[in-house]
There are 2 protein chains.
Amino acid sequence: MNSIVSLSYKELLAEFKNILKQNQLKFTSQREIILYTLYNNTQHFTSEDLYMLIKQEYPELSIGIATVYRTLSLLEENNIVSSISLGIQGKKYEIANKPHHDHNICETCNKIVEFENDEIEELQHTIAKENGFILTNHLMQLYGICKECQ
Amino acid sequence: MNSIVSLSYKELLAEFKNILKQNQLKFTSQREIILYTLYNNTQHFTSEDLYMLIKQEYPELSIGIATVYRTLSLLEENNIVSSISLGIQGKKYEIANKPHHDHNICETCNKIVEFENDEIEELQHTIAKENGFILTNHLMQLYGICKECQ
DNA sequence: ATTAAAATGAAAATCGTTATTAATTAACCC
DNA sequence: GGGTTAATTAATAACGATTTTCATTTTAAT
């Protein structure tokens, strides 16, 4: 499982094609446009968001909501996108083509600011160890009111 | 908004009655039993879990799943219970009558271990501040494999 | 006790997501 | 390039969790 961090779109596309081939899956225009759209929009999308954007940007493309769900799952399984669960707002996806980070979320305007903190990452490992857990993953979301909404 | 941490059941019940009165809501046996059950079971419940347990423990009580959903929402709005969103497993509720803590969750058996770490809490405030946010809340879940499942 | 407002259970509706299906398309072979 | 086969698709049905609707019951204040 290679990291895709900082790949160019061309490299990312090649990586995706490799994964498809290895799994005897096919490269389709729907899959390409989903990847392309995620690459060029670093925001966080729900499946519905992404579906609506693609419908709007590519009116000639035939695409169904089920395909968006299927493709996002496929991309997530292969670590090309990652997701966060935002309670009432549902699951949001973002391209994994950036370093690990957590999220600072505005409760008023839903803006998401990404951050990274090594000290917390270390503490998380220590805590898990104390509890007898092997840490495999974590979720950290800081909710608040952003500067513009205060 | 007072903290209910460490209240006795009697005090908690009085607090709940106050909240109801202030909002012109009524005190019912269903609401009382839901609160009582949460108080005496510090585990994490889905709405369905709680509904099943109450049906079993109080067969003479008429209660519907919709009432459980309604009451848990009401209790959460008033900070008497808190909830965590566990991705595929759905939303789980616990009584808020205990000090703040986060959750260490086993991906195999779904066991939840609670922990508290002041250092992380402090860092979270620092990070939010750096991002221009006023921190109102946070979510931290550490996923891993527990000792028994390793 | 009377009465008005709120709460209830049961069932229907809704929401986000997944599975089914028949038609289409990509990939491989010649 | 055309033929073949398996994968993919869009549309729609199905699904599970949650919410709403509504007619009936219960609470709380008089």
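In what follows, every chain begins at residue 1, and chains take the letters A, B, ... in the order their sequences are listed.
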Provide, to the nearest angstrom, the distance between the [atom1] atom belonging to [X] and the [atom2] atom belonging to [N].
X       : N      : atom1 : atom2 : value
B:Gln30 : C:dA10 : CD    : P     : 11 Å
A:Lys92 : C:dG16 : NZ    : P     : 13 Å
A:Leu74 : C:dA19 : CG    : P     : 14 Å
A:Tyr51 : C:dT17 : OH    : C1'   : 14 Å
B:Leu72 : D:dT19 : CG    : C1'   : 14 Å
B:Asp49 : D:dA17 : CG    : P     : 11 Å
A:Leu20 : C:dC28 : CG    : P     : 12 Å
B:Leu50 : D:dA17 : CG    : P     : 15 Å

With DNA chain C as reference, determine whether B:Arg70 or A:Ser47 sits nearer its 5' end, using the nearest nucleotide of each.
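The 5'-side residue here is B:Arg70.
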With the 4.5 Å side-chain cut-off for hydrophobic clustering, are B:Leu25 and B:Leu12 part of the same group?
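Linked, B:Leu25 and B:Leu12 end up in one cluster.
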Do the side chains of A:Phe133 and B:Tyr143 join up, straight or via other hydrophobic residues, at under 4.5 Å, putting them in one cluster?
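No.
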Counting any heavy atom closer than 4.0 Å, what does B:Glu48 reach on the DNA or RNA strands: base, sugar-phosphate only, or nothing?
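It contacts nothing in the nucleic acid.
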What is the nucleic acid contact for A:Ile65, judged by heavy atoms within less than 4.0 Å: base, sugar-phosphate only, or nothing?
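Nothing: the residue A:Ile65, judged by heavy atoms under 4.0 Å, touches no strand.
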Which residue lies toward the 5' end of DNA chain D, A:Ala66 or B:Tyr69, if each is placed at its nearest nucleotide?
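Whichever sits nearer the 5' end wins; that is A:Ala66.
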Do the side chains of A:Lys91 and A:Glu76 get close enough for a salt bridge, i.e. N-O under 4.0 angstrom?
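Answer for the salt bridge query: yes.
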Whether A:Gln24 contacts C:dC28 is assessed here as follows: a side-chain N or O lying under 4.0 Å from the phosphate OP1 or OP2. Is that the case?
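For A:Gln24, the contact criterion (side-chain N or O under 4.0 Å from OP1 or OP2 of C:dC28) is not met.
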Side chain of A:Lys91, heavy atoms from C-beta onward: which of D:dT21, C:dT17, C:dA7 has the nearest atom to it?
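It is C:dT17.
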Answer with yes or no whether the side chains of B:Glu32 and B:Ser29 bring together a donor and an acceptor at under 3.5 Å.
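Distance-only check fails for B:Ser29 and B:Glu32.
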Going by atom types alone, do A:His100 and A:Glu114 pair a side-chain donor with an acceptor below 3.5 Å?
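Result is no, nothing qualifies.
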For the atom pair CG (B:Asn78) and CG (B:Asn23), what is the distance rounded to the nearest 0.5 Å?
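Reported to 0.5 Å precision, the distance equals 6.0 Å.
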CE/A:Met140 to CE/B:Met140 distance, rounded to the nearest 0.5 angstrom?
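A:Met140 CE to B:Met140 CE: 7.0 Å, rounded to 0.5 Å.
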Table of protein N/O atoms under 3.5 Å from nucleotides 25-28 of chain D N/O atoms:
from: D:dT27; atom 1: O3'; to: B:Phe27; atom 2: O; distance (Å): 3.4
from: D:dT27; atom 1: O2; to: B:Lys26; atom 2: NZ; distance (Å): 2.8
from: D:dA28; atom 1: OP1; to: B:Phe27; atom 2: N; distance (Å): 3.2

